[in-house]
Amino acid sequence: MEEIKAPRLGCVVMAAGNASRFGDNKLSAQLRGRSLILRALEAVPTEHLDAVTVVTQYPEVMRLAKEFHFAAVCNDHPEYGISHTIALGLTGLRDCDGVVFLVSDQPLLRRESVAALICLWKSQPEKLAALAHGGVRGNPCVFPARLFPELLELREDLGGNSVIRRHEEDLLLLDVPARELQDVDTRQDMEAMLDES
């Protein structure tokens, strides 16, 4: 009897943006003593993944990624937009059956939630899957390999949202608390999170 192989799953941690609204490299900003990028890398459930790639323009993030034993890819052109980060991340993961795209500015995202999302996707690996709150989709998202060509066709600041919108009928949602999906765009966002905690 032929053994059924579990789908191979990769992860792209997107950490290349200029964070213009924040004022400087927000990934090094601290929330309760740990930087945003450290929190993002700690949220990656490596035991459920076959490969992890961190795409960044920052040398300090490259170093930290290597400490986690993740592949680090330098994005020399963050001004090309999120589509370039997606393409760089996918390059080394094209042999995977799916890829999780994880943003690095959701400091309250729990590793357990990402692991649960992966388990949901692995139960139906031809589908898309994403975390959500109250039925409203957030990040991270898992894309099956059949959609990699569409991701690679994205240009400038068009991200995975435009691909998901074309395939809404294939989307699985996993509900989590709203705070896990909150992202940090400004210093005020960070202060609000500190106030909450």
Side-chain angles (χ1 to χ4, degrees), residues 1-16 37-56 61-75 82-106 109-132 137-155 158-176 180-181:
M1 194 165 144
E2 194 177 331
E3 186 186 344
I4 297 171
K5 285 187 181 169
R8 279 181 52 80
L9 186 63
C11 176
V12 175
V13 179
M14 299 190 292
I37 187 59
L38 178 60
R39 286 170 170 274
L41 298 183
E42 288 174 342
V44 175
T46 48
E47 66 277 13
H48 296 284
L49 294 160
D50 295 279
V52 180
T53 298
V54 180
V55 182
T56 187
V61 175
M62 300 272 289
R63 283 193 297 274
L64 188 60
K66 287 171 183 168
E67 285 176 27
F68 276 77
H69 305 289
F70 297 161
V73 175
C74 184
N75 182 346
I82 195 169
S83 61
H84 187 57
T85 295
I86 289 169
L88 288 172
L90 267 183
T91 299
L93 301 174
R94 290 190 196 180
D95 62 338
C96 290
D97 299 301
V99 170
V100 186
F101 286 90
L102 194 141
V103 297
S104 48
D105 60 356
Q106 286 178 211
L109 178 65
R110 293 168 60 249
R111 181 187 179 107
E112 293 81 4
S113 298
V114 185
L117 175 68
I118 288 169
C119 290
L120 174 65
W121 176 80
K122 284 186 174 178
S123 72
Q124 297 185 67
E126 73 288 353
K127 302 274 193 183
L128 287 149
L131 291 185
R137 175 175 50 82
N139 288 307
C141 299
V142 188
F143 289 80
R146 66 186 174 85
L147 297 181
F148 290 178
E150 290 186 43
L151 289 169
L152 291 167
E153 285 168 9
L154 294 170
R155 294 294 174 263
L158 269 183
N161 283 340
S162 56
V163 176
I164 293 170
R165 279 197 291 271
R166 290 196 290 268
H167 301 277
E168 293 275 4
E169 71 284 357
D170 292 328
L171 179 61
L172 306 170
L173 295 178
L174 179 67
D175 212 70
V176 296
E180 291 195 50
L181 304 182

#### Entry: Which residues share a salt bridge (charged side-chain N to carboxylate O under 4.0 Å, His left out) with Glu42, sequence neighbours left out
Arg34

### Contacts of Thr85 that satisfy side chain to side chain donor-acceptor pair (under 3.5 Å) - sequence neighbours left out
Asn75

Donor-acceptor contacts, no H, no angles, side chain residues 139-152, under 3.5 Å, sequence neighbours left out:
unit_1, atom_1, unit_2, atom_2, d
Arg146, NE, Glu126, O, 2.9
Arg146, NH2, Glu126, O, 3.0
Arg146, NH2, Asp170, OD2, 3.0
Glu150, OE1, Arg166, NE, 3.0
Glu150, OE1, Arg166, NH2, 2.9
Glu150, OE1, His167, NE2, 3.2
Glu150, OE2, His167, NE2, 2.9

## Note on the structure
Residues Ala72 and Met62: closest non-hydrogen pair is CB-SD, 3.8 Å

#### Entry: Steps toward side-chain contact (heavy atoms from CB on, under 4.5 Å) verdict (Phe68, Val52)
CA-CA 10 Å; Phe68 276 77; Val52 180; over 6 Å; no

#### Entry: Worked verdict on Leu64 versus Val54 for side-chain contact (heavy atoms from CB on, under 4.5 Å)
CA-CA 10 Å; Leu64 188 60; Val54 180; over 6 Å; no

Please tabulate, one pair per line, all N/O donor-acceptor pairs under 3.5 Å involving side-chain atoms of residues 112-122, not counting sequence neighbours.
unit_1, atom_1, unit_2, atom_2, d
Ser113, OG, Arg110, NH1, 3.4
Ser113, OG, Glu180, OE1, 2.7
Ser113, OG, Glu180, OE2, 3.1
Trp121, NE1, Pro125, O, 3.4
Trp121, NE1, Lys127, O, 2.9
Lys122, NZ, His48, O, 3.0

### Task
Among residues two or more places apart or on two chains, list those pairs meeting side chain to side chain donor-acceptor pair (under 3.5 Å) that have a residue in residues 62-73.
none

#### Entry: Distance (rounded to the nearest 0.5 Å) between His84 NE2 and Ile86 CD1
11.5 Å

### Query
With a 4.5 Å heavy-atom cut-off, do Leu158 and Glu153 have their side chains touching?
no

### Message
Quick check against the 3.5 Å criterion: does Asp50 have a side-chain atom that pairs as donor or acceptor with the backbone of Leu9?
### Response
yes

### Query
Taking Ser104 for the side chain and Met14 for the main chain, is one N or O donor matched with an acceptor at less than 3.5 Å?
yes

#### Entry: Contacts of type side chain to side chain donor-acceptor pair (under 3.5 Å), residue Arg137, not counting sequence neighbours
Asn161

#### Entry: Heavy-atom closest contact (Leu109 atom, Ala43 atom, distance)
O-CB, 3.9 Å

### Query
Of Leu41, Thr56, Val55, which meets side-chain contact (heavy atoms from CB on, under 4.5 Å) against Val13?
Leu41

